[in-house]
Amino acid sequence: MEINPVKGTHDIIGGEANLYSMIEHTAMQVASCYGYKEIRTPIIEHTPLFLRSVGESSDIVNKEMYTFEDKGGRSITLRPELTAGIMRSIVTNKLYANTDLPLKFFYLGPCFRYERPQAGRYRQFNQFGVESVGNPSFFQDAEVIALGYRVLETIGLGEVRVLINSLGDEESRTAYKEALRKYFSKHIDKMCSDCKRRLEVNPLRILDCKVPEDIEIVKGAPKMTDYLSPASKAYLESVIGILKSIGIETEIDSTLVRGLDYYTGVVFEYHLPKIEGVDNIGALGAGGHYANLLAEVGGPSYEGIGLAFGIERLAYVIKTVHEFDTNFGIDVYLMGMNDSIIEKNFALADMLRGSGFSVESNYEVKSMGSLFKTANRKKAKFAIIVGEDEVAKKEVAVKNLKTQEQTLVKLEDLENVLHSLLNAYYASEYESPKEE
Ligand code: AMP
């Protein structure tokens, strides 16, 4: 009997995995430029960690967690996001004792949410993110938002919209929640059962409701921006101003509240503008400021700011918008015409790989035609042909598979010649087409 993959999971294979690696390496590189250091935390955590941080009013905790009892009777959860685990790690390892604040971490890894699978929404997906904890200031908030923007720009998605809002300080939020309670109480009879619960626990969550009739009611709700205290308003304006000064435009979206309970203050999301042929897959990435999260998991009351990107969403957009060719190919396909040469080629391939070339070779005697077909299928840039004559003269034939030009090269010069041939090959890829 065939065993299917678990619903909402997917295999990432070959060229697609190359694309994931490219995105992940770029993101890590950009985060390193801002002084962030890597952190790796466990995929499983004790369930109460997420109840306390992500929050009992969130959809994640209410409906989407993969929670099970382990053989020791403990309630364990597959992490739905990484921020909570990182805060737990800061407390476990007393990293807050570091006097050099803020603590700045980047992370990468799988997350699990029991959601309805659809475009851009999986049950196991990968997040890249950063957290900056301690020493809060609008500069820190702006730094994280800018970092995310630069990641997108570097992977070729510079055309994104940055939506921003503020959930205000305690005082603003209490006043706003009260206004929402008053407004939604008048409409709650017509709303879904989730919203009825949300009204009791946290009316902010109603703003995230995806039920079409409820969305209409939400449109008439009071706006957060009208309830911000002067200090929260000034803070948001400072973040927007500092981002503008480095060329990053933001758009205030007063309905943006994010679905996790720990956010306070500034929240933001990165979205693609509408593009033909690209599904609306929601935010590419998102994040915000959290004033109480570290304290809620047992640490000191340091404030923090973080963001997370979904790698699946970034990969999907790059593939569909930029028609990114995920099949990178190899530098060299090494061809041996008989058994003894095939054996010698094993050592030659090993030497070339040691010099950094990507090389494959044939292990069975085949016709020239068939070997060239294999080389083309593997998207080799060059074929190296080694026959009896070549062995005798200690030279090989190097053929450019794009131009079909062939050169005889002494074995002792092979490495240097290959380097220059490859450089010329890449240079020709970027040349503008010549006029006839
Ligand atoms: P969140 O942790 O909910 O703030 O989400 C941050 C980012 O993770 C989103 O902007 C998405 O890019 C990504 N993401 C969240 N949920 C999923 C999912 N179910 N499948 C794929 N990506 C997701």
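Because only heavy atoms are used, hydrogens play no part in the values below, and waters and symmetry mates are left out as well, while side chains stay in. Start at 1 and go down the list; that is how both ligands and their atoms are numbered.
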A.B. asks: Taking the six-membered ring of Y34, is the NZ or CZ of K104 close enough (under 6.0 Å from the centre) and on axis enough (within 45°)?
C.D. replies: no

A.B. asks: If you look at every heavy atom in L204 and R173, which pair is closest and at what distance?
C.D. replies: CD1-CD, 4.4 Å

A.B. asks: With atoms numbered from 1 as shown, which atoms in ligand 1 lie under 4.0 angstrom from a non-hydrogen atom of G285?
C.D. replies: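 Result: 10 (O).
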
A.B. asks: Parallel, tilted or perpendicular for Y262 and Y290, by the 30°/60° rule?
C.D. replies: perpendicular

A.B. asks: Can you pull out the closest protein heavy atom to atom 14 (N) of ligand 1? Residue, atom name and distance to 0.1 Å, please.
C.D. replies: F125 CE1, 3.5 Å

A.B. asks: Please state which protein non-hydrogen atom is closest to atom 21 (C) of ligand 1 and give its distance, to 0.1 Å?
C.D. replies: G120 O, 3.2 Å

A.B. asks: Assign the ring pair F138 / Y235 to parallel, tilted or perpendicular, where the plane angle (0 to 90°) is split at 30° and 60°.
C.D. replies: perpendicular

A.B. asks: Classify the ring geometry of H187 against Y183: parallel below 30°, tilted from 30° to 60°, perpendicular beyond 60°.
C.D. replies: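 Tilted, since the angle between the ring planes falls between 30° and 60°.
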
A.B. asks: Under 4.0 Å from any heavy atom of Y122, which atoms of ligand 1 are there?
C.D. replies: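 Taking each heavy atom of Y122 in turn, ligand 1 has 18 (C), 19 (N), 20 (N), 21 (C) under 4.0 Å.
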
A.B. asks: Return each pair, listed once, that meets ring pair (Phe, Tyr, Trp, His ring centres under 6.0 Å) where at least one residue sits in residues 56-113; pairs must be two or more places apart or across chains.
C.D. replies: Y66-Y114

A.B. asks: Is a salt bridge present between K399 and E405, judged by a nitrogen-to-oxygen distance below 4.0 Å?
C.D. replies: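 A salt bridge is absent here (no side-chain N lies under 4.0 Å from a carboxylate O).
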
A.B. asks: Is ligand 1 under 4.0 Å from a heavy atom in the side chain of L284, in the backbone, in both, or in neither?
C.D. replies: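 Only the backbone of L284 comes within reach of ligand 1.
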
A.B. asks: I'd like to know whether ligand 1 has R258 as a neighbour, heavy-atom separation below 4.0 Å.
C.D. replies: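 In this structure, R258 qualifies as a contact of ligand 1 - some heavy atom is under 4.0 Å.
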
A.B. asks: I'd like to know whether E216 forms a side chain to side chain contact (heavy atoms under 4.5 Å, CB included) with V218, so could you lay out the CA-CA distance, the side-chain angles of the two residues, the decisive distance to 0.1 Å, and finally the verdict.
C.D. replies: CA-CA 5 Å; E216 283 310 306; V218 165; over 6 Å; no

A.B. asks: Any idea which part of R121 is under 4.0 Å from ligand 1, heavy-atom wise: side chain, backbone, both or neither?
C.D. replies: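 Both the backbone and the side chain of R121 come within reach of ligand 1.
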
A.B. asks: Please list the nearest protein heavy atom to atom 10 (O) of ligand 1 with its residue and the distance rounded to 0.1 Å.
C.D. replies: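 Its nearest protein heavy-atom neighbour is A283 O, 3.1 Å.
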
A.B. asks: Measure from atom 2 (O) of ligand 1 to every heavy atom in E64, R113, E81 and give the option owning the shortest one.
C.D. replies: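 Residue with the shortest heavy-atom distance to the ligand atom: R113.
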
A.B. asks: Looking only at protein heavy atoms, which one is nearest to atom 13 (C) of ligand 1, and what is the separation?
C.D. replies: G310 CA, 3.6 Å

A.B. asks: Would you call the rings of H419 and F357 parallel, tilted or perpendicular, where under 30° means parallel and over 60° means perpendicular?
C.D. replies: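 Correct class here is tilted.
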
A.B. asks: If you have a sec, work out which protein heavy atom is nearest atom 19 (N) of ligand 1 and how many Å separate them, to one decimal?
C.D. replies: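 Looking only at protein heavy atoms, the one closest to atom 19 (N) of ligand 1 is E115 OE2, 2.6 Å.
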
A.B. asks: What atoms of ligand 1 come closer than 4.0 angstrom to any heavy atom of A308?
C.D. replies: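 Close to A308: 6 (C), 7 (C).
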
A.B. asks: Report the part of Q127 (side chain from C-beta onward, or backbone N, CA, C, O) that has a heavy atom under 4.0 Å from ligand 1; answer both or neither where that applies.
C.D. replies: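 Side chain only.
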
A.B. asks: Any heavy atom of L314 closer to ligand 1 than 4.0 angstrom?
C.D. replies: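 Per 4.0 Å heavy-atom rule, L314 does not contact ligand 1.
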
